[in-house]
Novice: 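After the structure tokens below, expect a handful of questions from me.
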Amino acid sequence: MKNVFDILSERGFIEQVTHEEELREQLGKESTTFYIGFDATADSLHVGHFVQIMVMSHMQKAGHRPIALIGGGTTMVGDPSGKTDMRKMLTIEEIQANGEAFKKQFSKFLDFSEGKALMVNNADWLLNLEYIPFLREIGVHFTVNRMLSAEAFKSRMDRGLSFIEFNYMIMQAYDFLQLHRRVDCKLQMGGNDQWSNIIAGVDLCRRVDSATVYGMTFKLLTTSEGIKMGKTESGAIWLDPEKTSPYDFYQYWRNVNDADVKNCLSLLTFLPMEEVNKLGGLEGSEINKAKEILAFEVTRLVHGEEEAKKAEVAAKLLFGDFSGDADVPSSELSSKELGEGLDIISLLQKTQLISSRGEGRRLIQQGGIYINDQRVEDIYQNITLEDFADNSLMIRKGKKIYHKVILI
RNA sequence: GGAGGGAUUUCCGAGUGGUUAAAGGGGGCAGACUGUAAAUCUGUUGGCGAACGCCUUCGAAGGUUCAAAUCCUUCUCCCUCCA
């Protein structure tokens with residue numbers, strides 16, 4: 001069987017490793033417990049986290065044991081790594097609720113049966129720490145000089161770094177030590193922005209317990225221009241279907257840049273590398289095929305086969321020449337609300353396709369609104385029963401935002 | 001604790017009494033081109049209104065003035081230097 005280190009390396013995950021040769025050997029030799037931490041800063045995981053989940057999944061398939069660490073304790077402090085501003089403080093209730101949401105989502109991606117994977121929360125050991133004993137046991141092993149030289153703090157040196165955030169690195173290092181002691185965790189992985197925090201943990205384990213543990217970071221998911229992926233104008237791409245619908249999720253991947261297709265296929269799907277290379281090498285409009293596969297595969301992993309198919313069918317119907325009933329975001333309208341007819345702008349407002357009437361007017365004046373594929377020319381156009389076929393009407397905003405209105 | 005600097009629309013950032021819903025850029029949205037791509041170009045980008053216009057906005061609250069983002073007072077927050 002192939003060493004999972006080579007798999008990760010071949011697929012382009014790996015950015016930095018503490019002891020490359022030794023770690024590779026370790027992973028080839030025995031089942032290894034490793035962890036990735038997730039701070040509970042939102043009520044759902046997003047695409048950035050998904051890369052980490054993919055790594056955990058690859059590792060688990062190779063017989064290693066993942067620990068998903070939920071940062072119920074560290075989130076109380078706030079990780080300054082790579083951030084220009086201090087994060088807003090979350091209340092303990094918010095953090096707990098977020099942690100619960102994460103927990104549910106992890107269960108979909110990893111096999112937690114029979115101890116094949118663990119889920120822990122660092123609130124369990126961080127929240128009740130006593131300041132002085134902690135300083136004496138752990139704090140002595142850190143020099144401020146060294147900490148200050150960490151890349152993670154660079155962006156904060158001119159803007160200011162509060163003491164609470166400065167402590168984050170120590171918290172995370174302590175996590176590693178705890179996991180090493182509790183469940184023999186030998187490896188911490190994470191996004192490359194975590195490198196400073198990870199080596200702090202590796203060092204701490206060595207100093208305190210004379211233990212050899214490893215660290216590895218992955219490439220952050222960025223576009224070929226270096227912009228973080230998984231963000232859109234309306235925010236992150238979430239894994240929670242309530243926050244990002246499977247259709248929108250599919251569309252996001254369907255529309256990635258040509259240059260990013262190969263990277264996404266390799267990081268976000270389990271397709272064999274020969275196929276990834278083949279698809280990634282397609283040129284011109286041919287690459288749309290690769291994008292369809294990418295979108296389908298990622299949607300399938302996150303939302304399941306059925307949702308992925310629905311999204312795919314909807315996309316084909318809307319963008320192809322077929323006609324039929326597409327499963328796109330929709331809203332309902334009662335015949336009472338419709339009455340004798342409803343003006344187009346009010347209808348747009350009801351569907352939340354626009355945020356103000358002025359925006360709607362502008363949109364129509366610029367030719368960006370279509371009803372049943374007919375461009376709307378008149379901002380006063382009245383929508384009546386006649387516009388509904390089979391009790392439904394399709395609104396299109398711009399080139400690719402569709403919304404169905406169902407008459408009830 | 002002392003001295004100085006700052007807070008502007010979604011973000012950055014100009015603006016020091018009326019011509020300012022506020023330059024410029026980023027971002028967003030739409031159009032053209034295309035491959036449901038990128039790049040490019042064009043338009044647009046506080047709310048209500050067809051429009052004249054009206055309303056809300058320049059950290060907060062007061063005040064001066066016919067008129068304030070711009071002047072005064074107090075307050076809040078941030079930064080820099082000194083202790």
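Side chains included, hydrogens not; waters and symmetry mates left out as well; all remaining heavy atoms used. Given the structure is predicted, the values throughout are model-derived calculations rather than measurements. Here is the naming used below: chain letters follow the sequence lines, and residue numbers restart at 1 for every chain.
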Novice: Could you tell me how far apart Y252(A) (OH) and rA37(B) (C1') are, to the nearest whole angstrom?
Specialist: 13 Å

Novice: Run the ring-centre check on F34(A) versus Y214(A) and record whether the distance is less than 6.0 Å.
Specialist: no

Novice: Under 6.0 Å between the ring centres of F176(A) and Y35(A)?
Specialist: yes

Novice: Under a 4.0 Å N-O cut-off, is there an ion pair linking D343(A) with R357(A)?
Specialist: yes

Novice: Compare the minimum distances between each of rA37(B), rA30(B), rG35(B) and the side chain of K400(A), then state the nucleotide with the smallest one.
Specialist: rA37(B)

Novice: Name the pairing partner of rA30(B), where a pair is Watson-Crick or G-U wobble with both distances under 3.5 Å, or state none.
Specialist: rU42(B)

Novice: Between atom CD in E283(A) and atom P in rA38(B), what is the gap in whole Å?
Specialist: 18 Å

Novice: If a pair satisfies salt bridge (charged side-chain N to carboxylate O under 4.0 Å, His left out) and one of its residues is in residues 242-259 of chain A, list it, with sequence neighbours excluded.
Specialist: D43(A)-K243(A), D258(A)-K291(A)

Novice: Salt bridge or not for R24(A) and E21(A), using N-O below 4.0 Å?
Specialist: no

Novice: rG47(B) and rC52(B): how far apart are their P atoms, nearest whole angstrom?
Specialist: 16 Å

Novice: Need one value for R375(A): base, sugar-phosphate or nothing, where a base atom within 4.0 Å counts as base even if backbone is also close, heavy atoms only.
Specialist: sugar-phosphate

Novice: Both distances under 3.5 Å, Watson-Crick or G-U wobble: report the partner of rC77(B), or none.
Specialist: rG6(B)

Novice: So, are K104(A) and E100(A) salt-bridged, with charged N and O less than 4.0 Å apart?
Specialist: no

Novice: Under 6.0 Å between the ring centres of H58(A) and F270(A)?
Specialist: yes

Novice: Find the distance I345(A):CD1 to rC48(B):P and express it as a whole number of Å.
Specialist: 9 Å

Novice: May I have the distance from K399(A) (atom NZ) to rC29(B) (atom P), rounded to whole angstrom?
Specialist: 12 Å

Novice: If the C1' atom of rU34(B) is compared with that of rC41(B), how far apart are they to the nearest Å?
Specialist: 13 Å

Novice: Please give the distance between the C1' atoms of rA21(B) and rA69(B) as a whole number of Å.
Specialist: 12 Å

Novice: For rU74(B) and rU10(B), measure between their P atoms and round to the nearest Å.
Specialist: 30 Å

Novice: Distance check, P atoms only: rC48(B) and rG25(B), in whole angstrom units.
Specialist: 26 Å

Novice: Tell me which nucleotide, if any, is Watson-Crick or G-U wobble paired with rU64(B) when both distances must be under 3.5 Å.
Specialist: none

Novice: Could you check how far CH2 of W253(A) sits from P of rG35(B), rounded to whole Å?
Specialist: 24 Å

Novice: Among rC29(B), rA37(B), rU36(B), which nucleotide has an atom closest to any side-chain atom of F319(A)?
Specialist: rU36(B)

Novice: Quantified in whole Å, what is the C1' atom distance between nucleotide rU70(B) and nucleotide rU16(B)?
Specialist: 5 Å

Novice: Both G284(A) and I401(A) contact RNA chain B. Which one's nearest nucleotide lies toward the 5' end?
Specialist: I401(A)

Novice: For nucleotides rU44(B) and rC55(B), find the distance between their C1' atoms and express it as a whole number of Å.
Specialist: 22 Å

Novice: In whole Å, I'd like the distance from the CD1 atom of I395(A) to the P atom of rA30(B).
Specialist: 14 Å

Novice: Mind checking if I287(A) touches a base, just sugar-phosphate, or nothing, with heavy atoms under 4.0 Å?
Specialist: base

Novice: Considering only rU34(B), rG35(B), rU36(B), which nucleotide approaches the side chain of K291(A) most closely?
Specialist: rG35(B)

Novice: If pairing requires Watson-Crick or G-U wobble contacts with both distances under 3.5 Å, which nucleotide is the partner of rC58(B)?
Specialist: none

Novice: Rounded to whole Å, please give me the gap between CG in L318(A) and P in rG35(B).
Specialist: 19 Å

Novice: Would you mind checking if E307(A) and K310(A) are paired as a salt bridge, meaning a charged N to carboxylate O distance below 4.0 Å?
Specialist: yes

Novice: In terms of the nearest nucleotide of RNA chain B, which residue is placed more toward the 5' end: Q349(A) or I369(A)?
Specialist: I369(A)

Novice: Using the C1' atom as the point on both nucleotides, what is the distance between rU76(B) and rA60(B), in whole Å?
Specialist: 7 Å

Novice: For RNA chain B, determine which residues of residues 355-366 of chain A have any heavy atom closer than 4.0 angstrom to one of its atoms, and list them numerically.
Specialist: S356(A), R357(A), G358(A), R361(A), R362(A), L363(A), Q366(A)

Novice: Between P on rC29(B) and CG on L348(A), what's the gap in Å once rounded to a whole number?
Specialist: 16 Å

Novice: Can you check whether Y402(A) and F319(A) have ring centres sitting under 6.0 Å from each other?
Specialist: yes

